[in-house]
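Heads up, the thing below is written out as structure tokens.
It should be emphasised that the depicted structure is a prediction, and the values quoted were computed from it without experimental measurement.
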Amino acid sequence: MEKKRGIVIAIFVLLLCCAGILSFGYRESTAEEGQAYEIKSYITEQMKADAYVSNAELCLLEEFTPQKIGNDADSIALATVLTLDNADPDASMVGMTNGTMLINQVLSGDLSKGQVINYSKPGGMMKMSEWEEGQPAAANQKRQYLREQSNASKDLNKTYINLKISGDIEIEAGKSYLVYLKSNNGSYEIIGLGNGLRELDVEQQSSRATVQTFNTSSLKIKNNETGEFESLENYINTYISNRQEK
């Protein structure tokens with residue numbers, strides 16, 4: 001499964017939405033044995049149902065192969081997403097989702113089991129008014145014209161846009177993933193799009209999460225192209241060298 005990397009050239013297809021927002025977060029820490037963390041997300045089911053959806057097609061210079069993102073990553077870990085706190089529209093054309101995750105096991109790098117880190121990830125759901133502040137005036141005027149022509153003019157402070165990147169997946173609170181992380185000013189960016197965030201075949205946590213120790217020999221990870229779950233052990237043996245499980 002291969003993805004590509006480079007400069008984003010985005011063509012957005014917009015659908016109708018209207019919703020609200022909440023924001024949560026944790027400071028970086030290390031969990032004590034048995035310590036439980038609350039699972040939270042600012043995204044509501046109503047927001048998901050009503051949001052404009054914007055799909056970005058990528059024209060890229062390099063492939064997001066496991067080998068490539070493995071070389072770029074500072075750490076590779078099995079982690080549970082604790083929170084989706086917000087999405088920052090100023091970070092890039094597609095924005096960045098921010099939140100916290102709990103490190104369960106470290107396959108490579110200097111993170112520690114039980115550590116809670118701040119993460120960021122390209123794409124996300126945000127207010128249309130905030131997102132359009134960073135977009136070209138001509139593009140905003142065209143969007144407004146199309147809204148008026150379709151009688152879909154909305155209060156943009158109460159309207160949300162869900163920015164998605166082709167080949168990527170949406171991160172979900174309470175789910176556990178194989179994740180590739182790059183240190184960035186005290187936080188960690190999830191790199192590699194769909195190759196850098198692969199869901200583990202374990203039960204999604206609905207309200208609280210504690211540190212888990214996974215049996216990597218029997219655990220499976222999701223192939224984001226086929227939707228099938230594959231052997232994590234085979235993946236580690238094939239792509240993750242100098243394994244340092246903690």
- Does V202 offer a backbone N or O that forms a donor-acceptor pair with the side chain of Q204 under 3.5 Å? no
- Task: First locate atom OG of S108, then atom CG of L181, and finally report the distance between them rounded to the nearest 0.5 Å.
- Result: 10.5 Å
- Query: For the atom pair NZ (K113) and OG1 (T213), what is the distance rounded to the nearest 0.5 Å?
  - Reply: 3.0 Å
- Message: Would a single hydrophobic cluster contain both I169 and M101, if residues Ile, Leu, Val, Met, Phe, Trp and Tyr are joined by side-chain heavy-atom contacts under 4.5 Å?
- Response: yes
- Message: With rounding to the nearest 0.5 angstrom, report the CD1 to CD1 distance, I76 to I69.
- Response: 7.5 Å
- Task: Mind listing the closest non-hydrogen atom pair of I190 and G196 along with its distance?
- Result: CG2-O, 3.8 Å
- To the nearest 0.5 Å, what is the distance between CG (L178) and CD1 (I240)? 5.5 Å
- Applying side-chain contact (heavy atoms from CB on, under 4.5 Å), run through Y160 and I43 and close with a yes or a no. CA-CA 10 Å; Y160 283 76; I43 300 173; over 6 Å; no
- Message: Hydrophobic cluster membership, with links at side-chain heavy-atom distances under 4.5 Å among I/L/V/M/F/W/Y: are Y239 and I221 in one?
- Response: yes
- Derivation and outcome, side-chain contact (heavy atoms from CB on, under 4.5 Å), residues V211 and L102: CA-CA 7 Å; V211 178; L102 174 62; 3.9 Å; yes
- Note on the structure: Note: M126 and A87 closest approach over all heavy atoms is CE-CB, 3.8 Å
- Message: Between N140 and E132 (side chain of the first, backbone of the second, donor and acceptor by atom type, cut-off under 3.5 Å), is there such a pair?
- Response: yes
- Provide the closest heavy-atom pair for S54 versus I161 in the form atom of the first, atom of the second, distance. CB-CD1, 3.8 Å
- Report the distance from atom CG of L193 to atom OG of S166, rounding to the nearest 0.5 Å. 9.0 Å
- Heavy-atom donor-acceptor pair, E130 side chain to D88 backbone, under 3.5 Å: no
- Task: Measure from the side-chain N and O atoms of Q105 to the backbone N and O of F214, and report whether any donor-acceptor pair falls under 3.5 Å.
- Result: yes
- R147 vs M128, side-chain contact (heavy atoms from CB on, under 4.5 Å): CA-CA, chis, key distance, verdict: CA-CA 13 Å; R147 287 191 287 259; M128 181 70 79; 4.3 Å; yes
- Closest approach of N157 and S129, non-hydrogen atoms and distance? OD1-OG, 2.8 Å
- Task: Please report the closest heavy-atom contact between T97 and G123, naming both atoms and the distance.
- Result: OG1-O, 2.7 Å
- Query: Among side-chain atoms of E230 and N223, is any donor-acceptor pair under 3.5 angstrom?
  - Reply: yes
- Query: With no hydrogens and no angle check, is any side-chain donor or acceptor of K164 less than 3.5 Å from a backbone partner on V53?
  - Reply: no
- Message: I'd like to know if the side chain of T83 reaches the main chain of T100, judged simply by a donor and an acceptor atom lying under 3.5 Å from each other, with no hydrogens or angles considered.
- Response: yes
- Message: Donor-acceptor check, side chain of S112 to backbone of Q115, threshold 3.5 angstrom: yes or no?
- Response: no
- Query: Are E172 and K222 ion-paired here, with the side-chain N under 4.0 Å from a carboxylate O?
  - Reply: no
- Query: So, do W131 and V94 sit near enough that their side-chain heavy atoms are less than 4.5 Å apart?
  - Reply: no
- Query: Roughly how far, to the nearest 0.5 Å, is the CZ atom of R208 from the CD atom of Q35?
  - Reply: 9.0 Å
- Item | Y180 and D72: CA distance, side-chain angles, deciding distance, side-chain contact (heavy atoms from CB on, under 4.5 Å) verdict | CA-CA 9 Å; Y180 285 72; D72 291 343; over 6 Å; no
- In this structure, are over 12 heavy atoms from other groups packed under 6.0 Å from K220 atom NZ? no
- Message: A side-chain contact here means heavy atoms from C-beta on lying under 4.5 Å apart; do P122 and E189 qualify?
- Response: yes
- L197 backbone acceptor or donor facing N224 side chain under 3.5 Å: yes
- Query: What are the two closest heavy atoms between L82 and Y37, and how far apart are they?
  - Reply: CD2-CB, 3.7 Å
- Query: Is there a donor-acceptor pair closer than 3.5 Å between any side-chain N or O of N162 and the backbone N or O of A51?
  - Reply: no
- Query: Is V179 linked to F229 within one hydrophobic cluster, defined over Ile, Leu, Val, Met, Phe, Trp and Tyr using a side-chain heavy-atom separation of less than 4.5 Å?
  - Reply: no
- Message: Heavy-atom count check: over 12 atoms from other residues, nucleotides or ligands less than 6.0 Å from E148 CD?
- Response: yes
